[in-house]
Amino acid sequence: MSCGSRRRLLRVALASTAALLHPGRSAGLLASRPVPRPRSQPPGSLKCFVGDLKMEMTGMTGVSLKRGSLLVEDNDNGAPAEETKRQKVSVCCLTQGQDGLENDSLPSTENVLGLPEAVSARKGKENSDAQLGGEEEEEEEDGLSEEEEEAESFADMMKHGLTEVDVGITKFVSSHQGFSGILKERYSDFVVHEIGKDGQISHLDDLSVPVDEEDPSEDAFTVLTAEEKQQLEELQLFKNKETSVAIEVIEDTKERRTVIHQAIKSLFPGLETKTEDREGKKYIVAYHAAGKKALANPRKHSWPRSRGSYCHFVLYKENKDTMDAINVLSKYLRVKPNIFSYMGTKDKRAITVQEIAVLKVTAQRLAHLNKCLMNFKLGNFSYQKNPLKLGELQGNHFTVVLRNITGTDDQVQQAMNSLKEIGFINYYGMQRFGTTSVPTYQVGRAILQNSWTEVMDLILKPRSGAEKGYLVKCREEWAKTKDPAAALRKLPVKRCVEGQLLRGLSKYGMKNIVSAFGIIPRNNRLMYIHSYQSYVWNNMVSKRIEDYGLKPVPGDLVLKGATAAYIEEEDVNNYSIHDVVMPLPGFDVIYPKHKISEAYREMLTADNLDIDNMRHKIRDYSLSGAYRKIIIRPQNVSWEVVAYDDPKIPLFNTDLDNLEGKPSPVFVSEGKYRALKMDFSLPPSTYATMAIREVLKMDTSIKNQTQLNTTWLR
């Protein structure tokens, strides 16, 4: 095979892996046949591949259950400038999943996916001569190229990941023939709008600021120099030994002094100001009014009593998850992240629109961030008395584009009608369980078993799979020395779960793992046992559907209000499969009155757990359980198939596009490609990727996808 041929094959394989690695709670569901990349499409590059590998792995990918080889086209390398802009934010190294927030992405910081060592060791040379899609050499070469070896290295690592079967995802409910398509070829192909507690879909459609005479003037944001802002920030955060900062008033007028006073108080909560005469010159002196408490609790008297304490706004963001976004906002506002509240976290590799509330920060100050930040837009401001609370949302509305679909119009019609009328199995998606050879549910099982040495070992031991290089070194150091301090020194990012556990072990010692583990934030700790519950639930639902099909049977459970009740023989005809729920194991649930109940018992017994005693010695880890519908039927389902020639163009307008007056896309009657644009709404704690899996009939495991890529490459 010529070098050119190998490179063409490799380009598709690398693009497939790169698309797989895009962050987001549901990454690329993939096309299934190795069709050559059209020459009009921007070629992929190793640089693009490397960049994607560096990105956070929070998503899911899909492969055909019936077909062997894949095509994934990653066009981010050729995306418009506004879509390729990135901001640096802190990241953690935990794969997490919890109930009840964004439908497809759980409140989480996920496994940060790193480069294979072979790739990360590359020098700057790759920028100039490793372009995979440029002029191709025609001479023969022996053996694998360096890029091919790197691709195999990564694929080898991913062989240790999970498949859908490993976590109980085995069934489909529809009978239509599957077809292939590309999900999240561009993150703008996946748009999420939050559905608020009032049932309304959140949209960013108003950038105006409520008029308030007590707000500072616009000059307040520009009157201070960068150096003065730096000094004031250090004073505010107690980072220097000075007790005050004096700013000379060059233009000594009352109006000028007022603007400076307003600027300091507005931009640096907790600082007070006064005017002083020094040697014939006027100075504005800033100082702390209430000590360190002032930073966390903005001074009450600086906020108008007639105004609600919380400014609610709609946040439009691109390619950022919710916590990253709040970290960025808090940094620019110079406030702590904990004064923000929200109803649910949202996907990273997507465009998302959601409501946020912040304590005692003016709409004017928030709106000013629109001039400073990329990939964010804030609007629809209002002042309210109360913050937002997790779980208050009614769900999320999704607008999803599946590009380059292979299905006929009739196949698409059958698939979408089935989704609308029957729905999909409400599985917990693959991102719930991690991306390495140590699934999160295994850690959860060890916690429930009270096997704390195993918990420590599972989290810290070396593992197969793709991880950041520093995590690999940290694990190697731990395996070699069992010295938490030495392993911790290998971690530049200390806020990841591994870093927090090692810090706990350094503090409490190896004989007090429980206390050491307790240093990890509570939600992150509970993520592990929630993952185990999800693992059990997936398996039991698959068995329920296998044994009884898609109809309610006597002994099934339904909810009456918040209480579960059995379906009796005489009542079966009063219910449909959409009413049936299954329990997540716990001490406060009942189990079906048929053979699935015994299946629950057998599964937990095999895991050395007592289904009749799900209370834990540590209260946090006692599982009360919950109920979850086994079939979800999306609401507000609509779809259309469009033809297009340019893979870089957006296929629908976002809220920001509409605000900026951009015209809607114009489609061709006959194009090189076809795309399925679908809209649907889902309740909280359901996975959009599981809905898309049902439409395409595609497996969503990373392991399956990368193994097929490797087989095809060879």
Side-chain angles (χ1 to χ4, degrees), residues 193-221 236 258-259 261-273 289-290 293-317 322-323 325-346 352-373 376-394 655-656 659:
H193 287 87
E194 192 169 69
I195 303 173
K197 51 188 175 182
D198 59 357
Q200 298 299 308
I201 298 175
S202 294
H203 283 280
L204 181 76
D205 53 20
D206 183 5
L207 299 182
S208 65
V209 177
V211 177
D212 194 322
E213 293 179 358
E214 299 192 52
D215 280 339
S217 68
E218 186 65 24
D219 292 340
F221 296 99
Q236 181 200 37
T258 299
V259 169
H261 283 296
Q262 287 179 334
I264 294 173
K265 292 176 182 179
S266 175
L267 298 178
F268 302 93
L271 295 185
E272 185 59 276
T273 58
K293 291 183 180 179
L295 186 58
N297 303 297
R299 294 162 53 247
K300 294 181 180 178
H301 67 267
S302 67
W303 191 263
R305 291 183 179 180
S306 60
R307 189 162 69 190
S309 294
Y310 295 88
C311 185
H312 287 224
F313 62 94
V314 170
L315 173 65
Y316 169 102
K317 61 182 181 61
T322 300
M323 282 313 303
I326 286 176
N327 286 337
V328 171
L329 296 179
S330 63
K331 175 183 176 183
Y332 276 82
L333 292 169
R334 298 180 178 88
V335 297
K336 290 195 172 182
N338 62 6
I339 70 171
F340 290 86
S341 58
Y342 47 90
M343 294 182 287
T345 61
K346 295 290 175 285
T352 67
V353 181
Q354 69 181 119
E355 189 174 355
I356 304 286
V358 59
L359 175 65
K360 293 183 178 178
V361 175
T362 65
Q364 184 187 35
R365 194 171 162 205
L366 291 166
H368 187 71
L369 296 179
N370 288 333
K371 302 176 182 179
C372 311
L373 298 177
F376 295 94
K377 193 66 75 172
L378 288 66
N380 296 79
F381 302 102
S382 66
Y383 293 108
Q384 308 287 341
K385 293 181 179 180
N386 300 309
L388 297 169
K389 296 180 181 178
L390 285 172
E392 284 185 327
L393 78 168
Q394 288 195 17
D655 284 1
L656 187 58
L659 272 172

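In what follows, every heavy atom counts, from backbone to side chain, and hydrogens, waters and symmetry copies are set aside.
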Do the side chains of [Y] and [X] get nearer than 4.5 Å, heavy atoms only?
{"X": "Met323", "Y": "Val328", "result": "no"}
{"X": "Leu366", "Y": "Cys311", "result": "yes"}
{"X": "Leu659", "Y": "Asp206", "result": "no"}
{"X": "Arg334", "Y": "Lys331", "result": "no"}
{"X": "Leu373", "Y": "His368", "result": "no"}
{"X": "Gln354", "Y": "His193", "result": "no"}
{"X": "Phe340", "Y": "Leu388", "result": "no"}
{"X": "Val361", "Y": "Leu333", "result": "yes"}

Enter the distance from [X]:[atom1] to [Y]:[atom2] here, rounded to the nearest 0.5 Å.
{"X": "Leu393", "Y": "Glu194", "atom1": "CG", "atom2": "CD", "value": "5.0 Å"}
{"X": "Gln394", "Y": "Ile195", "atom1": "CD", "atom2": "CD1", "value": "7.5 Å"}
{"X": "Lys360", "Y": "Ser309", "atom1": "NZ", "atom2": "OG", "value": "5.0 Å"}
{"X": "Tyr316", "Y": "Ser202", "atom1": "OH", "atom2": "OG", "value": "14.5 Å"}
{"X": "Leu359", "Y": "Tyr310", "atom1": "CG", "atom2": "OH", "value": "5.0 Å"}

*Does the Asn380 side chain pair with the main chain of Asp205, one donor and one acceptor, at a distance under 3.5 Å?*
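Checking the backbone N and O of Asp205 against the side chain of Asn380, a donor-acceptor pair under 3.5 Å is found.
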
*Can you find a side-chain donor-acceptor pair between Gln384 and Ser382 that sits under 3.5 Å?*
yes

*Indicate whether the side chain of Thr352 and that of Lys317 have a donor and an acceptor atom separated by less than 3.5 Å.*
yes

*Please state whether the rings of Phe381 and Phe313 are parallel, tilted or perpendicular, taking 30° and 60° as the class boundaries.*
tilted

_Shortest non-hydrogen separation from Ser330 to Lys336 and the atoms involved_ =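 Between these two residues, the closest heavy atoms are CB-C, 4.1 Å.
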
_Passing option when Leu204 is tested against Leu315, Leu378, Val314 for side-chain contact (heavy atoms from CB on, under 4.5 Å)_ =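 Option passing the side-chain contact (heavy atoms from CB on, under 4.5 Å) with Leu204: Val314.
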
*asked:* Applying side chain to side chain contact (heavy atoms under 4.5 Å, CB included) to Glu392 and Asp198, what does each step give before you reach the verdict?
replied: CA-CA 9 Å; Glu392 284 185 327; Asp198 59 357; over 6 Å; no

